[in-house]
Amino acid sequence: MTTRTSWADLAANSAAENVGVGSSSASNGAVGSTSGAGRPVYVPPHLRNRPPSAEPPAPTSSGLTSSNDRPGYGGSRWTAPRNDYNNRSGHGGSGGRLGGWGGRSGGWSRGKDREVNPFGNDDDAEEAFSEQESTGINFDAYEDIPVETTGDNVPPPVNTFAEIDLGEVVNLNIRRCKYVKPTPVQRHAIPISLAGRDLMACAQTGSGKTAAFCFPIISGIMRGQVPQRPLRGARIVYPLALILSPTRELSMQIHEEARKFSYQTGVKVVVAYGGAPINQQLRELERGVDILVATPGRLVDLLERARVSLQMIRYLALDEADRMLDMGFEPQIRKIVEQMDMPPPGVRQTMLFSATFPREIQRLASDFLANYIFLAVGRVGSSTDLIVQRVELVHESDKRSHLMDLLHAQRTNGVQGKQALTLVFVETKKGADSLEHWLCMNGFPATAIHGDRTQQEREQALRSFKSGATPILVATDVAARGLDIPHVAHVVNFDLPNDIDDYVHRIGRTGRAGKTGLATAFFNDNNASLARSLADLMQEANQEVPAWLTRYAARSFGGRNRRPGGGRFGGRDFRRESSFNRGGSDYYGGGNSAGGYGVGYGAGIASAWD
DNA sequence: AAAAAAT
């Protein structure tokens, strides 16, 4: 199979779709060009204001198919005109937009929508990089990735975006994003989601999973019926999709991406997270929301204030799902998913994405799913070469001067006279502040991000780092997962994490977009419990493992990080594991139940798709 | 044990 997708191919696709005849996007009724089934239906004013009843909405979810049929829900509530964007987004009647088709078609009402072009701002800033990023992707490296799917009637994967009927508006946004070809997780996950199936997906951050769950949600909302939602006067809003993530910055990032994917589709994406004034978020919500991206705490607040109802949720996506279900988050997530008014599994469609899925987390997560498909996308093979991992034996008291040496060397090797971006992970918030201060005192422009800083400070730190104004960012694990910070050349694990997963997530902040990256870890006696898993991981990624680390690993008894499955392709459906017993002679984890782990270590390391 | 997440 030819794996290289050229710009010529892209242009050809584009041309075919512009003609709009006979292309696949036209054949199944492009989403934007509302089909006959969407004929406007007049809804009398007295029905428009009727709030949804207590019973959950009839399912589009479990039975969601690619059909354009829109089976009636019976009640007049459910026969609202699909083209009435104002009603659909919960604030009809104002501004003379009633009855407009443009919200969905991206057609005539473009001007009226006054939707800020989410591509506009980036274009200049990213132009210099974007071509390289788009063409520098080594797709060949992604062809032989092991993929495992388990579950009933797994829909087959697709090879091109053209095969997926997402509609012409979304297709246009895909081109605007310069996505040429779906990534492996997208190839498999999108058909599964479009078929209405629940999904537990193991795929490293940076493998394109945001798009993998956003595209089906956007498409589903566009083609689904338009439930009658209360109009503007109502203070409570009824999103159709909920995307939860573990940090505020990650929620912001998902929101930005989702806005690009949904541009001019009429699908409204709103983000809500703590640390920022709630009133502004409330105003945004009142202007209409289809997809709500949120962190758990702020969402609970909104639910308790009765400003958001989950009654109409058709799609639930948890990003970094293993983090969302760990001890710190699980109660909040359970509250949101099980104890508020969200439709139950089987009625809503649920998608969980994470790089790693320990068996016990899978067990917890299965409460939220119905007849789900498990998908694991394995390591990215040769692309792991993009990150060089180093481990250095550094005593606690020598860490600062050692860091200084690294930074000095880097400065002299600086690219284009600018210091390369360096992300330094530490264990504690206090440690982050003190290291930041020390670096600044020693002439290294640094900033810090952690949970004790104000949201403003956190966002400012991230901006300042991304722009290169302060090319050193000292961070706690708040920045370890999911964050897309382009052009990070070096990740330093000043303090190693206790969990090998966190290490994988941290180093995944570099080596992105087809660029090479360096990850340096400071190791000492305090990290003995990590020795074995670290050595295994590095070996798995074809990295040079220092002899002293191998000795450490041999001495250690594995700790919590030892994985029975071995590294290469451990993403495994726990439903199959009752009979799955490696009985491995190399498995020391007596009291350890942290098995059943995810996808090859290297998978997220090289990523061109964040 | 720490970090994150509401005020």
Side-chain angles (χ1 to χ4, degrees), chain A residues 205 242-255 270-282 284-285 292-308 310 318-337 339-340 354-356 361 396 423-436 448-459 461-462 473-483 493-506 509 524-530 559-561 594:
Chain A
T205 300
L242 176 63
I243 301 172
L244 292 173
S245 98
T247 66
R248 298 164 181 174
E249 287 77 13
L250 186 51
S251 281
M252 295 169 64
Q253 181 181 302
I254 294 167
H255 173 241
V270 175
V271 67
Y273 52 83
I278 199 168
N279 285 332
Q280 200 176 322
Q281 292 172 5
L282 286 170
E284 279 301 314
L285 287 168
L292 177 58
V293 184
T295 47
R298 178 53 60 90
L299 178 60
V300 168
D301 190 4
L302 292 167
L303 292 168
E304 285 174 348
R305 293 176 189 226
R307 300 301 296 266
V308 169
L310 302 177
L318 301 192
D319 201 2
E320 308 290 350
D322 61 337
R323 177 61 90 229
M324 304 299 282
L325 290 169
D326 79 7
M327 286 201 331
F329 270 123
E330 199 219 348
Q332 273 182 307
I333 300 300
R334 265 192 202 282
K335 176 167 189 175
I336 291 166
V337 175
Q339 287 154 38
M340 305 305 287
S354 181
T356 49
I361 299 285
E396 211 59 43
L423 182 51
V424 183
F425 281 104
V426 296
E427 194 62 19
T428 65
K429 295 177 278 199
K430 259 184 75 175
D433 280 334
S434 98
L435 183 58
E436 175 208 13
I449 185 168
H450 61 71
D452 274 355
R453 303 201 76 188
T454 67
Q455 191 54 29
Q456 248 186 346
E457 289 170 327
R458 286 165 58 158
E459 290 171 28
L462 211 47
L473 178 65
V474 184
T476 60
D477 268 332
V478 69
R481 282 177 172 250
L483 281 194
N493 275 290
F494 188 90
D495 301 319
L496 272 164
N498 295 313
D499 188 327
I500 192 67
D501 289 336
D502 293 329
Y503 174 83
V504 172
H505 284 282
R506 287 175 175 189
R509 301 309 102 210
N524 60 39
D525 281 346
N526 298 332
N527 312 114
S529 71
L530 197 69
R560 312 184 287 107
N561 289 310

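Chain naming here is simple, since letters A, B, ... match the order of the sequence lines and numbering starts at 1 in each.
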Side chain of [X] (C-beta onward), nearest among [options]:
X        : options             : result
A/Glu249 : B/dA6, B/dA5, B/dA3 : B/dA5
A/Tyr273 : B/dA6, B/dA4, B/dA2 : B/dA6
A/Val300 : B/dA6, B/dA4, B/dA3 : B/dA6
A/Arg298 : B/dA4, B/dA2, B/dA6 : B/dA6
A/Thr428 : B/dA3, B/dA5, B/dA1 : B/dA3
A/His450 : B/dA4, B/dA2, B/dA5 : B/dA4

Does OP1 or OP2 of [N] have a side-chain N or O of [X] closer than 4.0 Å?
X        : N     : answer
A/Thr476 : B/dA4 : yes
A/Arg458 : B/dA5 : yes
A/Lys429 : B/dA4 : yes
A/Thr295 : B/dA4 : no
A/Arg305 : B/dT7 : no
A/Arg323 : B/dA4 : no

Which part of the nucleic acid, if any, lies within contact of [X], taking any heavy atom under 4.0 Å across all strands shown: a base, the sugar-phosphate backbone alone, or nothing?
X        : answer
A/Asp477 : nothing
A/Gly328 : base
A/Gln332 : base

Closer than 4.0 angstrom, basic N to acidic O: yes or no for [X] and [Y]?
X        : Y        : result
A/Arg506 : A/Asp499 : no
A/Asp322 : A/Arg481 : yes
A/Asp433 : A/Lys429 : no
A/Lys430 : A/Asp452 : no

Interatomic distance where [atom1] belongs to [X] and [atom2] belongs to [N] [whole Å]:
X        : N     : atom1 : atom2 : answer
A/Gln281 : B/dT7 : CD    : C1'   : 13 Å
A/Met252 : B/dA5 : CE    : C1'   : 15 Å
A/Leu483 : B/dA4 : CG    : C1'   : 12 Å
A/Leu302 : B/dT7 : CG    : C1'   : 12 Å
A/Asp495 : B/dA3 : CG    : P     : 11 Å
A/Asp502 : B/dA3 : CG    : C1'   : 9 Å
A/Phe329 : B/dA6 : CZ    : C1'   : 12 Å
A/Leu250 : B/dA5 : CG    : C1'   : 13 Å

Point to revise | Derivation and outcome, side chain to side chain contact (heavy atoms under 4.5 Å, CB included), residues A/Val270 and A/Gln281 | key: CA-CA 8 Å; A/Val270 175; A/Gln281 292 172 5; 5.9 Å; no
**Study point:** Distance-only side-chain donor-acceptor flag, A/Gln280 / A/Glu284, under 3.5 Å
**Key:** no
